[in-house]
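Note on naming: letters A, B, ... go to the chains in the order of the sequence lines (proteins, then strands), and numbering restarts at 1 for each one. Side-chain atoms are counted along with the backbone in the values below, which use heavy atoms only and exclude waters and symmetry mates.
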Amino acid sequence: MNDAPAEARQSREMAAALLSWYDRHRRALPWRAAAGHRADPYHVWLSEIMLQQTTVVTVGPYFQKFLAAWPTVATLAGAPLDDILKAWAGLGYYARARNLHKCAKAVVTDHHGVFPDTEEALLKLPGIGPYTAAAIAAIAFDRPAAAIDGNVERVVSRAFALREPLPETKPQIRDLTRAMVPETRAGDFAQALMDLGATVCTPRRANCLICPWSGSCLGQAQGIAEDLPRKRPKAPKPTRHGTVFWIARSDGAVLVRARPEKGLLGGMTEFPSTQWTEGAEPANPLSQAPLGTGWRKLAGAVRHTFTHFHLELDVWASEPVPRDGCDLPGCRWVDPVDLPAEALPTLMRKVSAHAQAAGDD
DNA sequence: AACTCGTGGAG
DNA sequence: TCTCCAAGAGT
């Protein structure tokens, strides 16, 4: 089991088979260059940040919108952060948007507006971790870097029948992947491996009959491909409760404020609410409303699920507040027709829809 | 080294 | 309905 030359030959053969498959099944994606051409580093970076824990289908329209608004890294660096948050609204993981802006500014000020072309230098930039650094180095600069995402973890776990659970097998996966990265066409290899995981060797179905690695895959040979990779069980999600306040002025404008920079939905716009607490709700939530009288609780509740908890929000609406003399520090009034353009996360869009539907009765 | 951080689609 | 999970990073 320690035949190094045989293992090296096996790695080269697997890489060659994968690249051959990629040449026949290459997908056209908005950020992907034409076959044989090198992609724009700005496009690669922007797409890779958006694709972190996010599907290709979801990212597509956001990528096009960002590219139209900010065609270069310099224009993105020069944009107000709030404009970027507004454009990012709905995509989730909002720290990515703030780091996107930080990274663009760092590229302009520290790298003369040109993305660095090594894994090591890329890794130092905000929002670029081990996966993204390797992906940009390989895809944009054709450097032999091993970009290991969830697809690669799954495909490699199956190809080598790694029976131990993640994350313990990550070092093995890294070594096995690195051994396969070819000296040339490293970018194509990275994209091919991810495409294989996305379209053939999928989480529930291994589809071994159409897989370019079916001849060598140990997971298939042992009949356990679809059971891999094994993972540790996840903790159940608790439910948090809260009350959100829909406060309209006599001219129809609604009260909003910005959330704190750090933490959940950091920097995004919200309607004022109580804290979201696990267990029973506060006895008198209205005492936490910034202003308003004549409260009525709207029928139903807004439900939303985050990565690690469920949320149930009651919505209370007040009587219209006078047009003048009701300004509050940190708060703004927004005409409801302008809400779609605000940096409202999906949760708050649900609140808005819920409150405005109740007002239509 | 766990934990935090969104959202929407598939099954 | 409910779980899983998708081109992960920051702390």
Side-chain angles (χ1 to χ4, degrees), chain A residues 27 29-32 39 43-63 85 88-100 102-103 122-140 145-155 166-168 170-171 173-174 177 187 189-199 201-205 226 229-240 259-268 270 276 303-311 343-350:
Chain A
R27 293 189 293 169
L29 297 174
W31 44 85
R32 194 168 268 182
H43 297 186
V44 176
W45 165 72
L46 180 61
S47 67
E48 290 298 342
I49 300 299
M50 289 183 167
L51 286 164
Q52 289 169 3
Q53 297 291 285
T54 310
T55 60
V56 165
V57 172
T58 300
V59 165
Y62 282 90
F63 178 80
L85 290 179
W88 196 277
L91 199 52
Y93 285 139
Y94 297 101
R96 290 185 296 172
R98 276 192 301 286
N99 284 331
L100 188 81
K102 277 188 198 168
C103 183
L122 288 161
L123 196 50
K124 293 192 169 105
L125 292 167
I128 297 183
Y131 161 74
T132 304
I136 297 173
I139 298 170
I148 301 171
D149 72 333
N151 289 306
V152 177
E153 287 180 348
R154 180 175 58 257
V155 172
L166 287 170
E168 285 88 329
K170 286 196 175 195
I173 294 171
R174 184 201 57 205
T177 307
F189 175 82
Q191 296 175 89
L193 196 45
M194 290 188 283
D195 272 16
L196 186 67
T199 63
C201 195
T202 60
R204 296 173 191 278
R205 303 286 299 175
E226 288 178 352
R230 300 199 171 132
K231 296 183 180 179
R232 303 232 171 261
K234 296 174 183 174
K237 291 180 185 181
T239 299
R240 297 184 193 177
R259 290 179 61 84
E261 285 296 314
K262 294 186 182 299
L264 189 71
L265 308 176
M268 301 297 284
E270 69 172 0
W276 307 339
R303 297 174 199 285
H304 193 74
T305 298
F306 293 99
T307 306
H308 53 293
F309 65 92
H310 303 289
L311 180 63
L344 283 182
T346 296
L347 164 65
M348 293 299 157
R349 291 179 192 268
K350 288 183 183 177

**Student:** Do A/Trp31 and A/Leu46 have side chains that approach each other closer than 4.5 Å (heavy atoms only, starting at C-beta)?
**Tutor:**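 No, their side chains stay 4.5 Å or more apart.
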
**Student:** A/Lys350 has an atom NZ; how far is it from atom P of B/dT7, in whole Å?
**Tutor:**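 The answer, rounded to whole Å, is 8 Å.
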
**Student:** Expressed as a whole number of angstroms, how long is the span from A/Phe309:CZ to C/dC2:P?
**Tutor:**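 To the nearest whole Å, that distance equals 17 Å.
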
**Student:** Hey, can you tell me if A/Phe309 and A/Phe306 have their rings parallel, tilted or perpendicular (30° and 60° cut-offs)?
**Tutor:**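 The arrangement is tilted - the two ring planes meet at 30° to 60°.
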
**Student:** Could you tell me how far apart A/Trp88 (CH2) and B/dG6 (C1') are, to the nearest whole angstrom?
**Tutor:**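 Nearest whole value for this atom pair: 11 Å.
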
**Student:** Can you find a pair of side-chain heavy atoms, one from A/Asp149 and one from A/Met194, that are under 4.5 Å apart?
**Tutor:**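 Yes, side chains in contact.
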
**Student:** What integer number of Å spans the C1' atoms of B/dT7 and C/dT11?
**Tutor:**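 Taking atom C1' in both B/dT7 and C/dT11, they lie 22 Å apart.
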
**Student:** Produce a footprint string for nucleotides 3-11 of chain C: one letter per nucleotide, 5' end first; B if the base is under 4.0 Å from any protein heavy atom, S if only the sugar-phosphate is, - if neither.
**Tutor:** --SBBBSS-

**Student:** Over all strands shown, is A/Ile49 touching base, sugar-phosphate only, or nothing at heavy-atom distances under 4.0 angstrom?
**Tutor:**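 Counting heavy atoms under 4.0 Å across all strands, no contact is made by A/Ile49.
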
**Student:** With a cut-off of less than 4.0 Å, is there a side-chain N or O of A/His304 near OP1 or OP2 of B/dG6?
**Tutor:**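 Negative; the distance criterion is not met.
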
**Student:** What contact category does A/Gly263 fall into here, base, sugar-phosphate, or nothing, at under 4.0 angstrom with non-hydrogen atoms?
**Tutor:**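 Since only primed, P, OP1 and OP2 atoms lie under 4.0 Å of A/Gly263, the category is sugar-phosphate.
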
**Student:** Can you tell me, in whole Å, how much space there is between the C1' of C/dA9 and that of B/dA1?
**Tutor:**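 Nearest-Å result for C/dA9 against B/dA1 at atom C1': 14 Å.
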
**Student:** If the cut-off is 4.0 Å, is A/Thr58 near the phosphate of B/dG8, judged by side-chain N/O to OP1 or OP2?
**Tutor:**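 Result: no.
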
**Student:** Could you please spell out the steps behind the side chain to side chain donor-acceptor pair (under 3.5 Å) verdict for A/Arg96 and A/Gln52?
**Tutor:** CA-CA 9 Å; A/Arg96 290 185 296 172; A/Gln52 289 169 3; 5.0 Å; no

**Student:** Report the distance from atom CH2 of A/Trp276 to atom P of B/dT4, rounded to the nearest whole Å.
**Tutor:**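 Roughly 15 Å, once rounded to whole Å.
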
**Student:** A/Val57 or A/Ala95: which one's nearest nucleotide on DNA chain B is closer to the 5' end?
**Tutor:**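 Result: A/Ala95.
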
**Student:** CE of A/Met50 versus P of B/dG8: gap in Å, rounded?
**Tutor:**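 The answer, rounded to whole Å, is 15 Å.
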
**Student:** Counting only side-chain nitrogens and oxygens, does A/His308 get under 4.0 Å of the OP1 or OP2 atom of B/dC5?
**Tutor:**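 Affirmative; the distance criterion is met.
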
**Student:** Quick one: does A/Thr58's side chain get under 4.5 Å of A/Leu91's, heavy atoms only?
**Tutor:**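 Touching, per the 4.5 Å side-chain cut-off.
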
**Student:** Consider side-chain contact (heavy atoms from CB on, under 4.5 Å). Of A/Ile128, A/Leu122, A/Ile139, which one does A/Trp45 pass it with?
**Tutor:**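 Result for side-chain contact (heavy atoms from CB on, under 4.5 Å) with A/Trp45: A/Ile128.
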
**Student:** Which whole number of Å gives the distance between the P atom of B/dA2 and that of C/dA7?
**Tutor:**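 Going atom to atom, P in each nucleotide, I get 23 Å.
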
**Student:** How far does the C1' atom of B/dG6 sit from the matching atom of C/dC4, given to the nearest Å?
**Tutor:**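 The answer is 15 Å between these two C1' atoms.
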
**Student:** Is the number of heavy atoms from other residues, nucleotides or ligands within 6.0 Å of NZ (A/Lys237) greater than 12?
**Tutor:**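 Enclosed: over 12 neighbouring heavy atoms sit under 6.0 Å from NZ of A/Lys237.
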
